[in-house]
> 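Pasting in a structure now, in structure tokens, and then I'll have a few things to ask.
A note on names: the letters A, B, ... follow the listed sequences, proteins ahead of strands, and every chain is numbered from 1. Being a predicted model, the structure only gives us computed values, none of them experimental.
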Amino acid sequence: MLDVKFIRDNLDQVKAALAKKGFMFDEAEFTRLDEARKAALTSAQSLQAEKKKASKQIGALIGQGMSPEDAKAQVMGSIDSDIGEAELAAKQAEQSLRELLMSIPNVPQNDVPFGSDENDNVEVLTWGEPVAFSFEAKDHVDLGEPLGLSFDDGALVAGSRFVAMSGAMARLHRAITQFMLDTHSEEHGYEETYVPYLVNRQALEGTGQLPKFEEDLFKVPGEKDFYLIPTAEVPVTNLLRDSVTDKTLPIKKVAHTPCFRSEAGSYGRDTRGMIRQHQFDKVELVQFVRPQDSDAALEELTGHAEAILQKLNLPYRKVILCGGDLGFSAAKTYDLEVWLPGQQKYREISSCSTFGDYQARRMQARWRNPETGKPELLHTLNGSGLAVGRTMVAILENYQQEDGSIVVPEALRPYMRGLEVIRP
RNA sequence: GGAGGGAUGGCUGAGCGGUUAAAAGCACCGGUCUUGAAAACCGGCAUAGGUUAAUCCCUAUCUAGGGUUCGAAUCCCUAUCCCUCCGCCA
């Protein structure tokens, strides 16, 4: 959520910044709601002041020994019935403004390039060389199926866009996860964290998935409605919701969770293989930092995700997302795209973002600034470090041999009982 | 599933119809003292909104939403969360 005061004082600037994101900011509507709120609030407050004064007078008179009836009769007059109505109106005006604010995306940072979609993203760097195979490279579906990767089994027990794994494939999947968790917690200073996979509505509002993107989520209706998490960002970031943390910033957390996405609106895209699934695992990095540190933290966090790709010796490129491709809550995002020989393309494997104070304001996540002694909003960041399923895809495709076997990357061998090659 | 108890500021915790936005302690900030620090002592210290050049001031907030009342942290109802006991259970 953006700061109302900031919007009010910088209307043109906000409008321009949001336009960069492809969002049409309705200035007239904002101003209308903002002024309606102020008017309703002012009139309710003056009535409240009158009421409060009258009650105090009655209290004083009773204190002097007057009977309650006489005291009431003497003060009388100021008792009005409008007050409930005025309070309700003020509350509704406040609510309307809040609803509008909750649906306005974060503004991009100045160094975010202009552009409308992923084609306008700007490459920052490439790392590693795509392998030149002496044979025709297969994709992960053809490579994985003989080794225990089964989309048929996934479809059998759940449906399309699900996968099941057995044997070496299941083991590899776990090895990747463990390797990432260990690296981030032991080498990059993240605290290992376990969180619920079902969350409430408030958590999703805090990070920005709701109210606007309900159709992307799996809802679990019941006596109390839950949602399956679309990313660990939701439960981990919300750990600091409604609090003033007494911990020293930065707080860095890493969590491994499954992620569930309905992928509504992506029919026909990436239908083959495990690039786009309803359920996938991800190791997520989350940082809570002082406002002055968030720019540096984004570079650091992205570097931590890159370190995984480098340790696995997977060629990738780093791009900065243009305004039009930037997520709702993000102020700036780097995507890491891994090289997939089966597709002859770089595909997204990590997305690292800073949110400034946007999520913190929605969550009311604060820290105590030692300089002011006051609770102030902190800054949040997160990034995939990395998406486990896509990492597995990248390994299968980049480490394939002509006979269909897969060389196990050295970094993963300790997690595979020393296994060097996976064969059918 | 059954029976109880609870939720107060960054934290602990008093208050249980009218100078209570809320005692006290801790933490934090400033000062005195000290070579420096600690201790001791003195003072300050909730959040949000309205108003303002800024202060003053005004309003709201004692988990949330309703209700009773001239007046609610305090009484009643509902919800949420936490705790204790019983039952069930990976």
Side-chain angles (χ1 to χ4, degrees), chain A residues 1-9 30-102 194-206 210 220-227 235 238-249 251 288 290 357 360-378:
Chain A
M1 188 158 70
L2 299 176
D3 183 6
V4 205
K5 268 188 247 167
F6 183 81
I7 301 179
R8 208 179 276 147
D9 298 340
F30 170 79
T31 306
R32 189 179 70 76
L33 291 177
D34 190 39
E35 283 170 1
R37 168 185 161 277
K38 187 184 281 189
L41 207 61
T42 309
S43 82
Q45 285 187 357
S46 68
L47 288 170
Q48 283 169 334
E50 272 178 51
K51 170 180 127 177
K52 204 169 157 178
K53 211 164 135 195
S55 291
K56 273 207 168 127
Q57 279 172 18
I58 292 172
L61 291 174
I62 293 171
Q64 286 163 27
M66 191 180 281
S67 78
E69 291 72 23
D70 291 348
K72 266 189 267 184
Q74 179 160 340
V75 177
M76 228 20 211
S78 9
I79 305 153
D80 50 63
S81 54
D82 290 356
I83 190 157
E85 244 170 80
E87 281 175 344
L88 186 66
K91 204 176 210 172
Q92 284 170 344
E94 194 111 39
Q95 183 60 25
S96 301
L97 180 64
R98 185 181 161 76
E99 275 168 20
L100 176 69
L101 288 172
M102 287 293 278
Y194 174 86
V195 288
Y197 304 154
L198 291 169
V199 294
N200 55 36
R201 201 181 162 84
Q202 294 92 295
L204 288 153
E205 285 174 350
L210 289 179
V220 183
E223 207 174 303
K224 280 176 47 194
D225 288 345
F226 290 112
Y227 293 84
N238 275 282
L239 289 173
L240 292 204
R241 179 152 58 93
D242 290 327
S243 74
V244 180
T245 185
D246 51 7
K247 297 214 179 74
T248 311
L249 300 181
I251 296 170
F288 305 90
R290 303 185 303 173
D357 62 12
R361 186 172 291 104
R362 287 174 158 245
M363 294 191 298
Q364 282 303 298
R366 291 155 297 162
W367 67 304
R368 193 169 287 276
N369 184 345
E371 281 170 29
T372 60
K374 302 272 183 198
E376 294 175 13
L377 296 172
L378 43 76

> For the P atoms, the ones on B:rU55 and on B:rU47, what distance do you get once it is rounded to whole angstrom?
14 Å
> Does any N or O in the side chain of A:S55 come within less than 3.5 Å of the main-chain N or O of A:K52, such that one atom is a donor and the other an acceptor?
no
> Please give the distance between the C1' atoms of B:rA22 and B:rA46 as a whole number of Å.
10 Å
> Partner of B:rU51 by Watson-Crick or G-U wobble geometry, both contacts under 3.5 Å, or none?
none
> Give none if B:rG1 has no partner; otherwise give the nucleotide forming a Watson-Crick or G-U wobble pair with it, both distances under 3.5 Å.
B:rC86
> Applying side-chain contact (heavy atoms from CB on, under 4.5 Å), name anything that partners A:D357, two or more places apart in sequence or on another chain.
A:R361, A:L377, A:H379
> Considering non-hydrogen atoms only, spot the tightest contact between A:A44 and A:A90 and give its length.
CB-CB, 4.0 Å
> Can you check the distance between B:rU34 and B:rA53, where both ends of the measurement are the C1' atom (answer in whole Å)?
42 Å
> Would you check if A:W367 and A:T248 make a side-chain contact, meaning some heavy-atom pair closer than 4.5 Å?
no
> Atom CG of A:L88 to atom P of B:rG65: distance rounded to whole Å?
13 Å
> When the P atoms of B:rC81 and B:rA23 are considered, how many whole Å apart are they?
31 Å
> Could you measure between the two P atoms, the one in B:rA7 and the one in B:rG13, and give it in whole Å?
10 Å
> Any side-chain N or O of A:K374 below 4.0 angstrom from OP1/OP2 of B:rC29?
no
> Between P on B:rA64 and CD on A:Q202, what's the gap in Å once rounded to a whole number?
14 Å
> Please report, rounded to the nearest Å, how far the C1' atom of B:rA72 is from the CD atom of A:Q48.
14 Å
> Separation of A:E87 atom CD from B:rA60 atom P, in whole Å?
8 Å
> Need the pair for B:rG30. Rule: Watson-Crick or G-U wobble, both distances under 3.5 Å, any strand; none if unpaired.
B:rC42
> Of A:V244 and A:A44, whose nearest nucleotide on RNA chain B comes first from the 5' end?
A:V244
> Would you indicate what A:K91 reaches in the nucleic acid, counting non-hydrogen atoms under 4.0 angstrom: base, sugar-phosphate, or nothing?
sugar-phosphate
> With respect to the phosphate group of B:rA60, does any side-chain polar atom (N or O) of A:K52 fall under 4.0 Å of OP1 or OP2?
yes
> Considering every strand and a 4.0 Å limit on heavy-atom distances, what is the contact class for A:R8: base, sugar-phosphate, or nothing?
sugar-phosphate
> Tell me: CD of A:Q57 to P of B:rU19, nearest whole Å?
15 Å
> Both A:V4 and A:K53 contact RNA chain B. Which one's nearest nucleotide lies toward the 5' end?
A:V4
> To the nearest angstrom, how far is A:N200 atom CG from B:rA64 atom P?
17 Å
> Watson-Crick or G-U wobble partner for B:rA24, using a 3.5 Å limit on both distances?
B:rU12
> Any side-chain heavy atom of A:L240 within less than 4.5 Å of one from A:L378?
yes
> When the C1' atoms of B:rA72 and B:rC86 are compared, how many Å lie between them, rounded to an integer?
36 Å
> What I want to check is whether an N or O donor and acceptor connect the side chain of A:E94 with the base of B:rG49 at under 3.5 Å.
no
> Quote, to the nearest angstrom, the C1' distance that separates B:rC62 from B:rU74.
10 Å
> Over how many whole Å does the gap from A:Q45 atom CD to B:rC57 atom P extend?
16 Å
> Using atom P of each nucleotide, how far apart are B:rA73 and B:rG67 to the nearest Å?
15 Å
> What is the distance from NZ of A:K51 to C1' of B:rC58, rounded to the nearest Å?
15 Å
> Tell me whether the side-chain N/O atoms of A:R37 come closer than 4.0 Å to OP1 or OP2 in B:rG50.
yes
> Between B:rU47, B:rG50, B:rG10, which nucleotide has the shortest distance from any of its atoms to the side chain of A:P375?
B:rU47
> Ion pair present between A:R201 and A:E205, side-chain N to carboxylate O less than 4.0 angstrom?
yes
> State, yes or no, whether a side-chain contact exists between A:V220 and A:L198 at a heavy-atom distance under 4.5 Å.
yes
> Given B:rU51, B:rG10, B:rG18, identify the nucleotide with an atom nearest to the side chain of A:R368.
B:rG10
> Looking at B:rU78, which nucleotide sits across from it as a Watson-Crick or G-U wobble partner, both distances under 3.5 angstrom, or is there none?
B:rA64
